[in-house]
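One structure is given below, encoded as structure tokens.
Positions are given from 1 along the sequence. Note that the structure is predicted; figures quoted are calculated from it, not measured. Whatever order the structure lists ligands and atoms in, that order sets their numbers, starting from 1.
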Amino acid sequence: MTLPIDATLIAARNDAEQRAVRSDYAHLGEQLERRGIQIDQVREQVARFGVAIPSWGVGTGGTRFARFPGQGEPRHVFDKLQDCGVIQQLARATPTVSLHIPWDKCSDWGELREAAGFHGLGFDAINSNTFSDQPGQAHSYKFGSLSHTDAATRAQAVEHNLECIEIGQQIGSKALTVWVGDGSNFPGQQHFRRAFDRYLESARQIYAALPGDWRMMLEHKICEPAFYSTVIQDWGSSLMAAQLLGPKAQCLVDLGHHAPNVNIELILARLLSADKLAGFHFNDSKYGDDDLDAGSVSPYRLFLVFNELVAAAKEGLAFDPAYMLDQSHNVTDPIESLMTSAIQVQRSYAQALLVDRAALDAAQEANDALTATHLLKQAFQTDVTPLLQRVRLDGGGAIDPVATYRASGYRNRVAQTRPAAAGGGGGIV
Ligand code: LRH
Ligand code: MN
């Protein structure tokens with residue numbers, strides 16, 4: 001079996017572009033040298049950086065109003081894995097995939113693990129789903145799951161999370177992501193403290209089942225599907241829960257899960273101080289949980305997230321956040337969006353590595369606000385494209401992944417074998 005994209009096509013297209021890339025890289029190297037930065041060191045760090053692909057992101061997404069499927073929609077988790085393989089083969093920045101259960105259920109996890117290996121992919125955190133009812137499910141999650149007033153419904157939700165841990169162990173995951181849609185739509189509908197206590201009681205049972213080297217990542221969200229209150233509404237509720245559960249419980253920050261203009265880099269700085277930062281779901285948004293492509297609306301905000309992370313690492317804080325994309329591709333080819341977004345996240349990390357930390361510390365101590373913010377802008381406004389191209393070229397990827405993908409005709413090819421998906425009803429998948 002051969003990889004989805006013909007390697008000779010990638011090589012041929014790279015050959016045509018690599019002279020320019022090497023010249024641009026050398027020029028950027030000279031510029032950075034004058035700023036006391038060794039470009040090869042930054043390139044090596046960026047080459048080790050990876051962001052996970054959400055399995056649910058390779059299919060066309062939708063909203064509550066409608067979903068307009070594209071050509072060659074993945075039919076099952078093996079199709080999704082092949083599409084993730086294309087993203088990794090070309091962009092070389094996404095070595096892992098994050099599965100969602102039951103959307104990705106299959107009969108042979110060993111076979112899935114093998115297929116992932118063939119595409120050079122591993123598995124990141126596994127996501128449970130107690131925000132929608134499955135056919136034949138005994139108890140509905142209409143009024144919640146882990147915090148439901150009914151003990152049998154809570155037990156069912158706990159059982160599902162334990163099943164996700166078992167599946168995760170079979171595929172090599174080391175973390176469980178728990179996002180619950182639990183909340184209320186009316187003032188008075190829910191007793192806030194009792195609901196939180198029920199959530200904790202359920203979460204403790206899941207926590208107790210975690211293997212020794214696993215993490216439980218709690219994902220907070222301000223609203224949707226509940227629109228008056230949610231049980232884990234913000235980083236404060238998430239941090240309280242993680243601290244009450246124990247050291248293996250940490251807080252996952254989905255960039256889209258906050259009110260507009262909330263200072264997310266400050267939130268992650270607090271979670272770092274509490275040693276409770278689990279990781280990120282990267283995307284972008286302008287209004288709500290829009291799940292737009294990472295950095296497509298506010299690339300500076302994404303840079304500021306990495307600026308905090310790089311500063312903390314430089315200061316010796318020990319942390320190991322899981323980096324994942326969590327997006328809904330309603331109007332683009334998901335493969336193109338995911339490649340572009342992964343590279344945008346990589347770009348923000350590379351730019352954050354260019355900040356003159358010593359000068360920034362000095363400016364902060366001296367309350368020289370203008371110099372401090374200029375030092376961040378200087379890094380953000382550095383075009384690191386040649387460095388990212390070199391990382392892909394050296395890694396066997398495509399200098400221009402989207403152009404190479406389009407030239408490969410992959411989407412038309414899979415459209416021949418994958419039946420057209422019917423459009424219509426809403427929903428993100
Ligand atoms: C909730 C969320 C969560 C996933 C879902 C697909 O909005 O961000 O991370 O389970 O999207
Ligand atoms: Mn998310």
Side-chain angles (χ1 to χ4, degrees), residues 51-64 67 74 77 80 84 96-105 123-134 141 144-146 157 160-161 163-164 167-168 173 175-183 203 206 215-227 229-235 237-238 250-259 262 264 267-268 271 277-285 287-294 302 305 321-330 334 337-338 341-342 345 426-429:
V51 58
I53 307 169
S55 63
W56 59 96
V58 289
T60 300
T63 71
R64 60 184 172 164
R67 192 174 81 91
V77 68
K80 294 177 186 177
C84 293
T96 54
V97 179
S98 187
L99 295 188
H100 219 300
I101 305 297
W103 294 338
D104 297 323
K105 264 204 168 158
F123 291 103
D124 207 300
I126 191 157
N127 297 266
S128 61
N129 175 343
T130 59
F131 51 84
S132 60
D133 292 345
Q134 306 310 317
Y141 294 135
S145 60
L146 297 179
H160 167 70
N161 279 278
E163 183 195 2
C164 291
I167 293 169
S173 288
L176 170 71
T177 297
V178 181
W179 169 68
V180 294
D182 298 25
I206 300 169
R215 290 192 280 186
M216 184 174 173
M217 308 204 279
L218 311 181
E219 185 176 359
H220 61 271
K221 185 173 182 180
I222 187 168
C223 70
E224 190 206 36
F227 291 103
S229 74
T230 61
V231 174
I232 305 297
Q233 177 150 42
D234 54 22
W235 70 279
S237 305
S238 182
Q250 294 184 314
C251 309
L252 179 80
V253 179
D254 184 313
L255 300 195
H257 287 188
H258 307 85
V262 160
I264 294 174
I267 291 174
L268 77 93
L271 294 174
L277 181 64
F280 297 89
H281 280 181
F282 293 118
N283 47 54
D284 213 334
S285 53
Y287 306 104
D289 187 19
D290 310 341
D291 281 340
L292 301 175
D293 291 8
L302 190 58
V305 164
Y323 298 123
M324 286 172 279
L325 296 169
D326 183 3
Q327 305 175 172
S328 181
H329 310 109
N330 304 354
S337 271
L338 286 163
S341 301
V345 173
I428 64 165
V429 294

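Side chain to side chain, W56 and D326 meet the donor-acceptor criterion of an N or O pair below 3.5 Å.
Ligand 1 has at least one atom lying under 4.0 Å from a heavy atom of H257.
Inclusion of D254 in the set of residues having an N or O under 3.5 Å from an N or O of ligand 1 is warranted. An N or O contact shorter than 3.5 Å links E219 to ligand 1 by distance. Taking only nitrogen or oxygen atoms, main chain and side chain alike, D289 reaches within less than 3.5 Å of ligand 1. Residue D326 has at least one N or O atom closer than 3.5 Å to an N or O atom of ligand 1.
When atom types are taken as modelled, the side chain of N127 and the backbone of T177 share no donor-acceptor pair closer than 3.5 angstrom. The backbone N or O of F123 sits nowhere less than 3.5 Å from a side-chain atom of T96 that would complete a donor-acceptor pair.
Centred on the Mn ion (ligand 2), the angle running from E219 (OE2) to D254 (OD2) is recorded as 90°, rounding to 10°.
H160 contributes atom NE2, which lies 6.5 Å from atom OH of Y141 (distance to the nearest 0.5 angstrom). Separating the OG1 atom in T230 from the CG atom in D182 is a distance of 9.0 Å, to the nearest 0.5 Å.
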*Applying side-chain contact (heavy atoms from CB on, under 4.5 Å), run through L302 and L255 and close with a yes or a no.*
CA-CA 9 Å; L302 190 58; L255 300 195; 3.9 Å; yes
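Looking only at protein heavy atoms, the nearest one to atom 4 (C) of ligand 1 is H100 NE2, 3.7 Å. The protein non-hydrogen atom at the shortest distance from atom 7 (O) of ligand 1 is K221 NZ, 2.8 Å.
A side chain to side chain donor-acceptor pair (under 3.5 Å) with H220 is found for one member of H258, H257, Q233 and no other, namely H258.
Only the side chain of H281 comes within 4.0 Å of ligand 1, counting heavy atoms alone; its backbone N, CA, C and O stay farther away.
At a threshold of 2.8 Å, the Mn ion (ligand 2) has a backbone or side-chain N, O or S atom of H281 nearer than that distance.
Ring-plane geometry between F282 and Y323 is classed as parallel, the angle between the planes falling under 30 degrees on a 0 to 90 degree scale with a further cut at 60.
Between the Mn ion (ligand 2) and the N, O or S atoms of D326, the shortest distance is to OD2.
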